[in-house]
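Below is one structure, written out as structure tokens; the observations come after it.
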Amino acid sequence: MSMLEVRHLQKTYTSRFGGSRVEALRDVNFTVEAGEFVAIMGESGSGKTTLLNILAALDKPTGGVVLLNGRALSSLRDSELSSFRRDNLGFVFQEFNLLDTFTIEDNIYLPLVLAGKKYGEMRARLDPISKRLRIAHILKKYPYEVSGGEKQRAAVARAIITEPQILLADEPTGALDSHATEELLSMLADINETGQTILMVTHSIKAASRAGRVLFIRDGEVFHQIYRGGCTSEELYAKISDTLTVIAGGGEVSE
Amino acid sequence: MSLYAKLAFSGIRKNKQIYIPFFITSVGMAAVYYIISSLGQSLIRRNMYGGRTAVILLELGSYVIAAFSLLFLFYTYSFLTRRRQREFGLYNILGMGKRHIAVIMAIETAITYAVSLILGIAFGALFAKLFEGVMLDIMGLKVGYEIRFSWYSAASAALVFGIIFALILAFTLFRIGRTDPIELLKSEQRGEKPPRANPVIGVVGVLLLAGAYYIALTVEQPLEAVFLFFIAVLMVIAATYMLFVSGSVLMCAILKRRKNYYYRESRFVSISSMAFRMKRNGAGLASICILLTMVLVTITSTLSLYKNVENMIDSTHPREVNMSFYLNPLAITTDGYAERLKNGAIAAASDAGCDPRDIISYKYLWINTEMADGKYEETFMYADMKMQYEFTFVQLSDYNESFGCDYTLSPGEALVYDVDNGDLVYDGAGDVIDIDTIGSFKIVGEVDDFEPFGLLSGTSHPSVVLIIDDISGIVDSYNHHLPTMYVGFNTAPGMETEFNLSRYSYSDYIDWEETAEDGDLYIYGINWQNKTADTDDYMSLYGGLLFLGIMLSGVFTVAAVLIIYYKQITEGYEDRARFGIMQKVGLSEKQIKKSVNAQMRAVFIMPIAAAAMHTVFAMPILQKILKQLEFNNDALLLAVALSSVAVCALIYAAIYKLTANSYYKIVKN
């Protein structure tokens with residue numbers, strides 16, 4: 001059984017008075033196995049963000065089903081959603097989404113506190129993570145005092161401290177400079193090495209080229225996918241680049 | 001319409017969520033100002049008895065409203081400009097110079113001013129009649145409505161608010177002039193520094209508050225009380241600001257340090273946001289707290305005084321008509337003169353148709369002393385901070401006759417009546433009171449049916465009446481205060497104010513020119529008081545104070561409400577993003593609501609709780625000050641204070657409910 005199964009996913013937005021209908025997702029199908037690092041690419045408006053919101057249980061599909069470890073997200077009651085998200089999913093956003101009223105440390109603790117964990121346990125979990133993400137020295141600082149790269153690493157720490165089934169990242173490098181991007185991507189790859197499943201939405205080829213598999217979405221459907229196979233990141237980069245050129249040209253890809 | 005005017009209008013329209021409350025504020029302020037001013041004008045036109053004090057009070061009230069309007073409109077307007085920095089920045093980047101923005105702002109301010117003034121005066125004129133009715137009713141003036149539109153008040157409102165808006169505009173332009181466009185664009189999203197509590201300010205705040213409370217609790221002398229009250233008020237204001245701004249942040253920091261307490265779902269979010277909230281809102285909440293305290297103290301004291309008028313008049317006016325004649329000492333020692341005077345006064349009242357009844361009359365001598373070398377020594381230093389003792393000597397025969405008793409006393413013996421704090425002078429029968437130059441008196445008993453005239457209880461220094469065998473003996477040895485003859489009686493119903501004894505009236509009955517052996521007049525002067533007239537006078541004074549107190553309290557309460565509203569709105573927008581993040585991280589809507597409510601409740605409770613505490617501690621010192629205004633009814637004061645706190649808390653709670661909802665709606669979106 002795959003860790004994540006997405007079948008015939010469909011999402012149609014209807015304007016408030018029932019006038020125009022916009023099809024954000026038409027028919028999306030894919031699966032993610034445990035321990036995979038999957039990147040989803042697509043142009044603006046291709047439905048990436050809608051897909052991610054549905055996977056995050058922040059939005060409901062109009063058709064199709066999402067199964068996480070065999071359990072349908074749609075079967076969750078509203079009251080269960082928050083704790084489900086907390087226990088099974090980790091999030092990394094483009095805009096970091098750290099709370100400016102908390103220190104970095106408290107931001108990372110937030111999901112654990114919500115889950116009712118004891119301080120001692122939280123502390124013990126944070127130690128290895130903060131070392132691996134190299135943020136131990138900024139734990140007592142507030143978000144406004146640290147760099148963008150550090151903020152994003154803190155956000156990653158917050159996402160993985162709950163040991164989620166799957167880490168969802170939405171354009172995690174979108175607000176970072178190239179050096180910080182490189183650093184963050186290495187860390188994500190590193191985390192993936194330890195067995196963490198990662199699903200990343202991006203339109204940065206560089207970011208996608210670090211993934212194990214790249215899915216391309218166009219017009220609300222999975223249009224194509226590339227497996228890393230034995231490629232280096234550079235080779236994968238070239239492949240992705242070629243694919244995107246074809247997509248931009250509107251043609252079909254053959255492999 | 002020019003482009004500028006268009007931009008100005010659209011500026012107002014687009015920001016209506018914050019502009020509307022500002023309009024309500026400024027219209028309300030202008031209306032209240034107009035009402036108070038025009039009430040004064042109508043009282044001046046009436047030119048009636050008892051109305052003059054109220055005119056002065058209303059004049060003072062209008063100054064208070066003007067000053068408060070300035071502060072408050074400034075404060076609320078700064079919310080407006082702060083929210084609009086981005087808009088200005090955008091204009092600037094689109095190629096508009098600061099000069100152009102200044103023109104737009106000037107037009108906006110002019111529009112705001114015109115609308116506020118016209119609507120304010122219109123509403124003021126509309127409601128003036130209602131307020132006149134309330135005021136006249138409270139003051140107990142039984143006259144018809146007379147208020148009409150006052151051009152004078154309208155013009156003075158135009159002037160006062162013109163100045164206020166000009167100052168606001170000047171300040172806004174100054175602010176725009178000083179910022180650069182990039183900063184204008186970014187100003188709303190600049191990262192905020194975490195609150196760092198300054199422990200020194202927190203500690204100083206605690207000390208100041210403790211000091212002020214200590215003063216309030218320990219002050220003894222009423223004369224000191226006024227001055228110290230002023231000092232204590234300043235200390236409390238400073239302490240309130242310090243504690244709200246710094247103390248609360250300090251408190252949060254201390255709670256944060258207790259890890260096992262802090263890292264709990266129920267507190268984690270609340271405590272950390274509370275620290276930020278207090279850093280930003282501490283000053284606002286402190287202002288609300290001080291406003292509420294002012295409301296409570298004002299209402300408590302004015303309502304207490306007002307409710308106490310009857311009580312006070314009863315205790316200082318034994319009878320409906322009260323006369324006292326200041327006499328030549330020889331009038332006391334000359335046989336039969338006093339009797340002749342009394343009979344003359346009664347006869348005059350009879351023939352005036354007053355039908356005098358319940359007549360009492362007595363000769364007395366009043367002195368003020370200080371303690372020196374175990375003796376009471378006469379003094380004239382009334383304002384001296386040293387403890388003073390008042391003694392009033394009354395002739396036994398007068399007492400027996402007026403109050404239907406038949407005591408007998410030997411020379412050197414005295415019956416005592418306790419006016420106020422008598423226990424500081426004597427313990428009981430057998431005590432000897434030794435007064436320098438007058439003699440010593442052995443107390444043989446206490447009476448409690450004496451009715452003193454013109455002796456104030458509640459001066460806080462001791463005052464006793466000594467009824468002695470013969471006061472003519474001490475009149476000689478004593479030359480500083482004049483011996484006095486009191487005559488008091490009630491009248492036939494409806495005739496209460498008909499008898500008006502002035503110095504040279506009723507000369508058929510009293511020979512004002514009669515001279516004593518020493519060639520001086522027998523009668524040096526008279527003091528005449530009428531209970532009904534005095535009641536009207538005091539009702540007018542304290543009623544006017546109460547009316548003004550209610551008006552000002554209304555304004556202050558509305559101000560507090562608006563500050564809260566602005567806070568909720570501005571914070572709602574800032575917190576929206578924050579709660580969005582928390583939701584993504586796994587905070588359920590229920591938890592968000594819980595956390596919002598916990599913070600709102602804390603923000604809500606703090607000012608009113610502190611205000612109630614300030615009021616409670618102000619009670620003792622307030623009581624001392626009110627005593628100087630002949631207020632001596634502690635139970636009433638307590639009841640009024642408690643009910644003021646309760647009513648205020650109720651109103652406040654209702655408003656909180658309304659505004660908290662608007663906050664939650666913004667956050668939830």
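Residue numbers start from 1 in every chain, and the chains themselves are labelled A, B, ... in the order their sequence lines are given, proteins ahead of strands.
In this structure, the ring of B:Phe268 has its center less than 6.0 angstrom from the ring center of A:Phe102.
Side chains of B:Val269 and A:Thr101 form no contact here, defined as non-hydrogen atoms less than 4.5 Å apart. Looking at heavy atoms from C-beta onward, A:Lys118 lies out of side-chain contact with B:Lys259 at the 4.5 angstrom threshold. Annotation: side chain of B:Tyr263 is not in contact with side chain of A:Leu112 (no heavy-atom distance under 4.5 Å).
Of the inter-residue distances, the one linking B:Ile581 atom CD1 with A:Glu95 atom CD reads 10.0 Å to the nearest 0.5 angstrom. A distance of 7.5 Å separates OG in B:Ser272 from CG in A:Leu99, rounded to the nearest 0.5 Å. Separating the NZ atom in B:Lys256 from the OG1 atom in A:Thr103 is a distance of 6.5 Å, to the nearest 0.5 Å.
Proximity to chain B involves both the backbone and the side chain of A:Asp106, based on heavy atoms less than 4.5 angstrom apart. Interface remark: A:Arg86 contributes backbone and side-chain atoms alike to the contact with chain B (heavy atom separation under 4.5 Å). Of the atoms belonging to A:Leu89, not a single heavy atom falls under 4.5 Å from chain B. The parts of A:Leu110 that come within reach of chain B are both its backbone and its side chain, each placing non-hydrogen atoms under 4.5 angstrom from that chain. Proximity to chain B is absent for every atom of A:Arg123, based on heavy atoms less than 4.5 angstrom apart. Heavy atoms of A:Phe84 lying under 4.5 Å from chain B are absent altogether.
Within 6.0 Å of the CE atom in B:Met613, the count of heavy atoms belonging to other residues, nucleotides or ligands exceeds 12. Heavy atoms of other residues, nucleotides or ligands lying less than 6.0 angstrom from NZ of B:Lys594 number 12 at most.
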